[in-house]
Amino acid sequence: MKFKTINIESIPSTNQYLFNLISEKEMSEGLVINTDNQTAGKGMGKNIWESEKGKNLSFSLLLKPDFLKPEKQFVITQIISLAILNVCRKNLNSEKVCIKWPNDIYVADKKIAGVLVQNIIKANSISDSVIGIGLNVNQEKFISDAPNPVSMIQLAGVNFSIEKLLNELLDEIERNYSRLRVYPHTSWLNSKYVENLYRINQSYYFTDKNGRFKGEIIGIDNYGQLKIKKSNGEILIYAYKEVEFEL
Ligand code: BTN
């Protein structure tokens, strides 16, 4: 895949921009919309994504994984989360980087990156996948009410090159994506993803529609839903937003 990066000085949301482009005309796989100043970044659900001008990595990438059936959408989240995990681990030289299900990247108990995947399904396959990535790099103060943001500079005490991080991330995504094409049976991906999950196999409190309970994350099902074993042995399965972690 060839990446083509378009840098836009200031833009409300790279995901929205890329979405508008593809709804106007067919765009090639590998198109990247990158900005230094995202003024109305979108998070998952109704969240906003804070990013100080010139300090962070905010971009969206177009993939066209038409070899994937809609029920396999979660593999995109997996290859992207693992790519960010590796780049953060390498640059921070830290084993504390992990994936908070479904697709937040955490260092210890703080969030360093977020991913917003928006797919278009056509003829029972994924025709377009708009993948937005926000990585906190050189921002030292966060002003939104996001509960636990952290940046690379806060952790390492030095500035990082945003351009270099973008290139490293794209390389890593390409590697995982080409592997996915060749090995679409995703057991290699599932085990890598699960072993790097935040709080895997450890007992913590969660909250679901029935209230607070103690349990242990034991993995994910075939659709990427989270499996938690309660302390009484019962196994519960959750879709996004159906369960909250107690931080
Ligand atoms: C989340 O953690 O809730 C997801 C955050 C995703 C933020 C990125 S920044 C680049 C891209 N453009 C957006 O508007 N959002 C994503």
Side-chain angles (χ1 to χ4, degrees), residues 3 5-23 27 30-63 73-74 76-85 87-88 97-107 109-120 128-139 142-152 160 162-163 165-170 172-173 193 196-198 224 226 239-245 247:
F3 292 112
T5 303
I6 300 178
N7 291 301
I8 300 173
E9 210 178 299
S10 180
I11 178 179
S13 155
T14 56
N15 259 46
Q16 191 59 54
Y17 187 92
L18 184 50
F19 232 92
N20 292 348
L21 279 184
I22 60 177
S23 54
M27 293 286 160
L31 178 62
V32 173
I33 304 297
N34 181 46
T35 186
D36 255 1
N37 189 24
Q38 181 169 254
T39 54
K42 290 170 184 265
M44 294 267 282
K46 290 198 175 100
N47 298 342
I48 58 142
W49 182 254
E50 171 186 355
S51 184
E52 188 182 335
K53 183 178 176 185
K55 299 280 184 179
N56 301 311
L57 187 53
S58 313
F59 72 97
S60 298
L61 162 68
L62 177 63
L63 291 183
Q73 305 195 27
F74 195 69
I76 300 172
T77 294
Q78 289 179 303
I79 61 164
I80 300 298
S81 311
L82 284 166
I84 307 174
L85 175 98
V87 169
C88 288
V97 188
C98 56
I99 302 166
K100 177 172 176 274
W101 178 85
N103 57 5
D104 289 341
I105 307 302
Y106 266 44
V107 184
D109 290 308
K110 296 193 164 194
K111 176 164 168 175
I112 194 158
V115 180
L116 178 63
V117 179
Q118 297 176 287
N119 292 324
I120 299 178
D128 302 82
S129 182
V130 172
I131 298 156
I133 299 180
L135 171 62
N136 297 331
V137 183
N138 295 323
Q139 181 163 342
F142 291 86
I143 51 175
S144 78
D145 57 4
N148 52 353
V150 75
S151 64
M152 295 180 68
F160 288 84
I162 296 169
E163 199 189 335
L165 288 167
L166 173 62
N167 291 330
E168 288 179 8
L169 258 175
L170 292 177
E172 197 76 19
I173 291 171
Y193 176 85
N196 285 296
L197 274 182
Y198 177 65
L226 190 67
Y240 180 63
K241 287 281 182 203
E242 287 179 352
V243 67
E244 269 185 38
F245 293 57
L247 292 178

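Values below: all heavy atoms of this structure, side chains included; hydrogens, waters and symmetry mates excluded. Both counts, for ligands and for their atoms, begin at 1 and track the order of listing. Throughout, numbering of the chain's residues begins at 1 and tracks the sequence.
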**Message:** For a 4.5 angstrom cut-off between non-hydrogen side-chain atoms, does Ile173 reach Ile80?
**Reply:** yes
**Message:** Strictly under 4.0 angstrom, heavy-atom based: which residues surround ligand 1?
**Reply:** Ser13, Thr14, Asn15, Gln38, Gly41, Lys42, Gly43, Met44, Trp49, Phe59, Ser60, Asp104, Lys111, Gly114, Val115, Leu116, Gly132, Ile133, Gly134
**Message:** How about CG on Asn20, more than 12 heavy atoms from neighbouring residues, nucleotides or ligands closer than 6.0 Å, or not?
**Reply:** yes
**Message:** Would you say that Ile131 contacts Ile133 through its side chain, given a criterion of any heavy-atom pair below 4.5 Å between the two side chains?
**Reply:** yes
**Prompt:** Less than 6.0 Å separating the ring centroids of Phe74 and Tyr193?
**Reply:** yes
**Message:** Just by distance, no angles: are the side chains of Ser81 and Asn103 close enough, under 3.5 Å, to form a donor-acceptor pair?
**Reply:** no
**Request:** For Glu242, look at atom CD and say whether over 12 heavy atoms of other residues, nucleotides or ligands are found less than 6.0 Å away.
**Result:** yes
